[in-house]
Amino acid sequence: MSSFEDLTPDDVPAIYALIEDLGWTHVIKDLEIMLQVGVFLGARDAAGRVVATGAFFPYGTDLASIGMIMVSPEHQRQGYGRAVMEALHDHDEAQGRTLCLIATEEGEPLYRKSGYEVVGRIRKFFGSPKEFLSKSSEYSFADVILRAMRRSDLEDAIRLDAKALGAKRCELLEQRFLQADHAVVAEDKQGEIIGFVLANPQRGQHHLGPMVSPDGETALAMIRYVAERSDKELRIDIPEEQSALHSLLPDLGFSLIANPPTMLRPSSMIQKSEPSLAKPIYPGCRKLYWSIMSQAYA
């Protein structure tokens, strides 16, 4: 097995080929952003083809997300998954950080062995915007002002995202805003921005997230705003504790596709300072976090 190395923008075609082999839905722009804001590691076979990857996305100084753990079908069950996790954990940027990820069913045992614990679940929904609009036509939505997000709104969006997540991710949010087909803010009657959502394109889908909102009614209103403008299937990945939203979606035309676990690995500093901590918890005010940015950006 070859060692893992830092991948560069020149490797985007090779990473994308691996994504297609696995049937994932990312687009080229996703990879360009990931390489810009994170650490992307890869291993190559004898022919120089990228056959395994993993990525690391730092948030602020104390938190990071692990994602894009991919191994080509013909190289699975050969230790690449374990090797890339070790390489990510050993990276200088990972030191002193709590690490979070969203696991696949196949990957969960590996992550448990790597020190991660399940702290929640994500409900992944797909739905037709037309069906949602039809079934929600008589629904009473929140009395808030919705409008397209402007670049001048980014500072407020970053502030709200940091409050919900517990860490700032300024460059990532800016790049995802620039990529988004639709970006929405919710304002109260005083004109203060109280919520936002981005709708980023994937193959045949608009992925709605992150979505930060003071309540489920405002979150649902922002989904409707996007649905009125989208010609693609909508995907929303909702934390399981946000039942005020996800309990409504099946009646509004959305189908639950998966329910993967969210996992945390506390930093070594937390483990030393709080050895009696029974279970790691996410930082931030998670009651404001209604949809994740994507599975890579847990």
Side-chain angles (χ1 to χ4, degrees), residues 4 22 24 26 34 38-41 52-71 76-77 79-91 93-125 161 164-167 169 172 207 209-210 235-243 246 256-298:
F4 282 84
L22 296 173
W24 291 15
H26 299 79
M34 289 175 181
V39 174
F40 217 126
L41 304 181
T53 68
F56 170 95
F57 306 104
Y59 302 154
T61 58
D62 301 323
L63 184 66
S65 178
I66 298 288
M68 304 304 289
I69 307 299
M70 299 187 291
V71 181
Q76 291 177 7
R77 301 188 182 281
Y80 280 96
R82 182 181 66 256
V84 72
M85 292 301 293
E86 290 175 354
L88 291 168
H89 292 158
D90 289 343
H91 198 280
E93 279 288 335
Q95 306 313 305
R97 294 180 186 268
T98 292
L99 304 179
C100 59
L101 58 80
I102 299 173
T104 60
E105 182 179 349
E106 299 81 8
E108 183 178 347
L110 167 64
Y111 304 139
R112 286 184 181 275
K113 291 177 182 177
S114 299
Y116 291 81
E117 293 186 44
V118 174
V119 294
R121 286 190 174 271
I122 295 293
R123 295 200 177 199
K124 184 187 299 185
F125 288 93
D161 184 69
L165 194 75
R169 42 186 184 176
L172 174 57
H207 192 147
R235 171 179 170 178
I236 312 174
D237 294 2
I238 304 173
E240 193 161 62
E241 58 267 29
Q242 301 292 27
S243 59
H246 68 63
L256 179 64
I257 302 301
N259 188 206
T262 57
M263 306 184 77
L264 280 183
R265 181 179 189 260
S267 74
S268 57
M269 289 188 295
I270 291 178
Q271 290 172 332
K272 290 177 182 177
S273 63
E274 301 180 64
S276 62
L277 192 64
K279 183 178 181 180
I281 58 173
Y282 271 114
C285 185
R286 292 287 164 149
K287 67 180 181 180
L288 302 175
Y289 202 44
W290 293 82
S291 177
I292 66 171
M293 184 180 289
S294 80
Q295 197 153 327
Y297 306 119

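By convention here, the first residue in the shown sequence is residue 1.
By the side chain to side chain contact (heavy atoms under 4.5 Å, CB included) test, Arg123 pairs with Phe125, Glu240, His246, Leu256, Asn259, sequence neighbours left out. Every residue meeting the ring-ring contact (aromatic ring centres under 6.0 Å, His included) condition with Tyr116, not counting sequence neighbours, appears here in chain and number order: His89. Shown here are the ring-ring contact (aromatic ring centres under 6.0 Å, His included) partners of Phe57, two or more places apart in sequence or in another chain: Tyr297. Partners of Gln76 according to the side chain to side chain contact (heavy atoms under 4.5 Å, CB included) rule, which considers only residues two or more places apart in sequence or in another chain, are Leu22, Val71. Not counting sequence neighbours, the partners of Glu108 by the side chain to side chain contact (heavy atoms under 4.5 Å, CB included) test are Ala103, Arg112, Val118, Pro261, Met263. By the ring-ring contact (aromatic ring centres under 6.0 Å, His included) test, His91 is found to be paired with no residue, residues two or more places apart in sequence or in another chain being considered.
A distance of 6.0 Å separates CZ in Phe40 from CE in Met34, rounded to the nearest 0.5 Å. Remark: Arg235 CZ to Gln295 CD distance equals 6.0 Å, nearest 0.5 Å. Residue Lys124 holds its NZ atom at 12.5 Å from CD1 of Ile238, rounded to the nearest 0.5 Å. Distance check, rounded to the nearest 0.5 Å: CZ of Arg169 to CG of Asp161 gives 4.0 Å. Distance CG/Asp237 to CD1/Ile292: 4.5 Å, rounded to 0.5 Å. A distance of 8.0 Å separates CZ of Phe4 from CG of Leu88, quoted to the nearest 0.5 Å.
Across all their heavy atoms, Tyr282 and Arg286 have their closest contact at CD2-NH2, 3.2 Å. When every heavy atom of Ser114 is checked against every heavy atom of Arg265, the shortest pair comes out as O-NE, 2.8 Å. Nearest heavy atoms, Leu288 versus Ala164: CB-CB, 4.0 Å. What you find for Tyr289 and Pro239 is that their closest heavy atoms are O-CG, 3.6 Å. Contact record, Ile69 with Trp24: O-CH2, 3.7 Å, taken as the closest heavy-atom pair. Residue Ile102 comes nearest to Ala298 through the heavy atom pair CG1-CB, 3.8 Å, listed as atom of the first residue, atom of the second, then distance.
The backbone N or O of Cys100 lies less than 3.5 Å from no partner atom in the side chain of Thr262, so there is not a single donor-acceptor pair. The backbone N or O of Pro58 lies less than 3.5 Å from no partner atom in the side chain of Arg97, so there is not a single donor-acceptor pair. Not one N or O on the side chain of Glu241 forms a donor-acceptor pair closer than 3.5 Å with the backbone of Lys287. Side-chain N or O atoms of Thr98 include none that pairs as donor or acceptor with a backbone N or O of Leu264 at under 3.5 Å.
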For this session: Evaluate side-chain contact (heavy atoms from CB on, under 4.5 Å) for Met85 paired with Leu101, printing each intermediate quantity in order.
Result: CA-CA 11 Å; Met85 292 301 293; Leu101 58 80; 4.1 Å; yes
For this session: Evaluate the criterion side-chain contact (heavy atoms from CB on, under 4.5 Å) for residue pair Met68 and His26; output intermediate values, then yes/no.
Result: CA-CA 10 Å; Met68 304 304 289; His26 299 79; 3.6 Å; yes
For this session: Begin from the C-alpha positions of Leu41 and Phe56 and carry the test side-chain contact (heavy atoms from CB on, under 4.5 Å) through to its verdict.
Result: CA-CA 8 Å; Leu41 304 181; Phe56 170 95; over 6 Å; no
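Between Pro283 and Asp62, the closest side-chain pair of non-hydrogen atoms is not below 4.5 Å.
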